[in-house]
Asks: 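There's a structure below that I have some questions on.
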Amino acid sequence: MSQEISNALTTTSPELQTYTGQWKLLRTLAGAHQGWVRAVTVDEVTNNWFVTGSSDSTIKVWDLASSQLKSTITGHIMGVRALVVSRKFPYLFSGSEDKTLRCWDLEKSNAAEGCQIKNFHGHVGGIYAISLHPQLDVVLSGGRDAVVRIWDIRATKEITLLSGHKSDITSIESFDNEPQVVTSSMDGTVRLWDLRKQNTELCITQHSKSIRSMAAHPMEQTFTSGGSDGNIKQWLLPKGELLNNFEKSEYGEIINTLSINPVTNTLFVGYDDGKVEFYDYTSGKLSQAGQAPALPGSDGAAIYASTFDTSGLRLITGGGDKSIKVWGEIE
C-alpha cells in the first residue's frame with residue numbers, strides 16, 4: 001500500500017460545513033487509484049469491505065472500517081467501469097472498456113497466480129453495467145454495444161441477449177418478480193424487459209436527455225433514474241408508472257450516479273461537476289446540497305460512482321480526482 005493512501009487524512013469540505021442536513025465528508029483516500037474511480041460496490045453479506053474499479057485498469061479491495069487497502073487485482077487491460085459482488089459465492093464480477101466481463105475468486109485475491117477464474121467474451125464494445133440475478137445463476141452485462149448479454153455463470157457462455165436500446169447501456173437492475181430486468185441508456189430511455197420472451201414490455205421515454213444512472217430500492221418495488229438534464233424520476237414496478245419528479249435543485253446538471261440508502265430512505269445524487277445532493281426518497285424533497293472538494297492538482301472532482309454500505313451509516317464515492325471519499329451521518 002502506498003504511503004499516500006495509508007496516511008490519508010480525515011478531510012472536511014468547507015462547502016459541506018454549510019449543510020443544513022446530516023451527511024458529512026469523513027475521509028478522503030488521496031491517490032487511491034492512478035486514474036478516475038469509475039465503479040464502487042460493497043460486500044452486502046459481511047459489510048466489512050468494499051471494492052473500487054478505475055480507469056487505470058485495476059480493481060482494489062478495501063477494509064470498510066479502516067479504509068486500509070486489502071488487495072489489488074489486475075488483469076483488465078483498460079478501464080474498469082462496473083463491479084458487482086455475489087451474495088452466494090466469494091466472487092466479484094467486473095466489466096471493462098476492454099470489452100470483457102471477468103469473474104474473480106476473492107478468496108484467492110492475494111495468490112501469486114492471481115484470482116481470475118472466468119472470462120466472458122462476446123461484447124463488441126466496453127462494458128458499463130453489470131447485474132447478478134437474485135435467483136438465477138446468470139449475470140447480465142451491457143455497455144457501448146447497446147445490448148444486454150445474459151451469461152450462464154457456471155458454463156461461462158452467453159444464453160441470450162436483449163436488444164432494443166439505440167445507444168450505450170448505463171445501468172442494469174434485475175429482480176425476482178416481473179419485470180425481471182430494467183435497463184437505462186444514453187438513448188434517454190428506460191426499458192422494462194420480459195426475460196422469458198426476451199423483448200421489451202415497456203419503453204419509458206419521459207427523460208429528455210441521456211440517462212447515465214439508475215438505482216433500484218432494495219426493499220420496495222421502486223427505482224429512480226437520473227438524466228443528463230439534472231432531472232430525477234421515481235418509478236413504480238411492475239408497470240413502470242411515474243411516482244414522482246424529484247425536486248430539482250439549482251446545483252448540478254449531468255447526473256453520473258445514484259444510490260439509495262434503504263435504512264434512512266435517502267437518495268444520493270453525484271454530478272459530473274462534483275456537486276452532491278441528498279434527497280428524501282419518499283417525498284422527493286432536497287435535504288442537502290453541496291460540492292465535493294477536488295484534490296489539489298486534479299482536473300475536477302466529478303462523482304462517477306457511489307454506494308451506501310448495508311448499515312446505512314456510510315456512503316462511498318469515487319471520482320475524477322482519483323480519490324475515494326467516505327461520507328457519514330453527523331449525530
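Sequence positions, counted from 1, serve as the residue numbers for this chain. Just so you know, these numbers use all the heavy atoms, side chains as well, and skip hydrogens, waters and symmetry mates.
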Asks: For Lys99, I'd like to know if atom NZ has over 12 heavy atoms of other residues, nucleotides or ligands within 6.0 Å.
Replies: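 Atom NZ in Lys99 is not packed in, count stays at 12 or less.
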Asks: Do you know which of Thr200, Thr183, Asn199 makes side-chain hydrogen bond (donor to acceptor under 3.5 Å, both in side chains) with Trp193?
Replies: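 Looking at Thr200, Thr183, Asn199, the match for Trp193 under the side-chain hydrogen bond (donor to acceptor under 3.5 Å, both in side chains) is Thr183.
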Asks: Do the side chains of Ser141 and Phe120 get nearer than 4.5 Å, heavy atoms only?
Replies: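 Counting from C-beta outward, Phe120 and Ser141 never come under 4.5 Å.
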Asks: For Tyr281 together with His217, are the ring centres under 6.0 Å from each other?
Replies: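 Ring centres of Tyr281 and His217 closer than 6.0 Å.
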Asks: Compute whether any side-chain donor of one residue and acceptor of the other, for Ser287 and Asp280, lie under 3.5 angstrom apart.
Replies: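 Note: Ser287 and Asp280 side chains miss the donor-acceptor criterion.
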Asks: Can you confirm whether Lys197 is buried at NZ, in the sense that more than 12 heavy atoms of other residues, nucleotides or ligands lie under 6.0 Å from that atom?
Replies: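 12 or below, so no.
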Asks: If two hydrophobic side chains count as joined below 4.5 Å and joins carry through other members, does Ile303 share a cluster with Phe278?
Replies: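 Yes, one cluster joins them.
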Asks: Taking atom NE2 of His133 and atom CD1 of Ile172, what is their separation to the nearest 0.5 Å?
Replies: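 Rounded to the nearest 0.5 Å, the NE2-CD1 separation comes out at 12.5 Å.
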Asks: Is it true that Lys325 and Asp321 have a side-chain N and a carboxylate O under 4.0 angstrom from each other?
Replies: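 Yes.
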Asks: Please find the pair of heavy atoms, one from Gly95 and one from Ile130, that lie closest to each other, and give the distance.
Replies: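 For Gly95 versus Ile130, the nearest heavy atoms are N-CD1, 3.2 Å.
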Asks: Would you say the rings of Trp36 and Tyr304 are close, in the sense that their centroids are separated by under 6.0 Å?
Replies: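 Under 6.0 Å, so yes.
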Asks: Are the side chains of Ile211 and Val190 in contact, using a 4.5 Å heavy-atom criterion?
Replies: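 Yes. Closest side-chain heavy atoms under 4.5 Å.
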Asks: Using the ring centroid of each side chain, check whether Trp23 and Tyr279 are separated by less than 6.0 Å.
Replies: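 Between Tyr279 and Trp23, which both carry aromatic rings, the centre distance is not below 6.0 Å.
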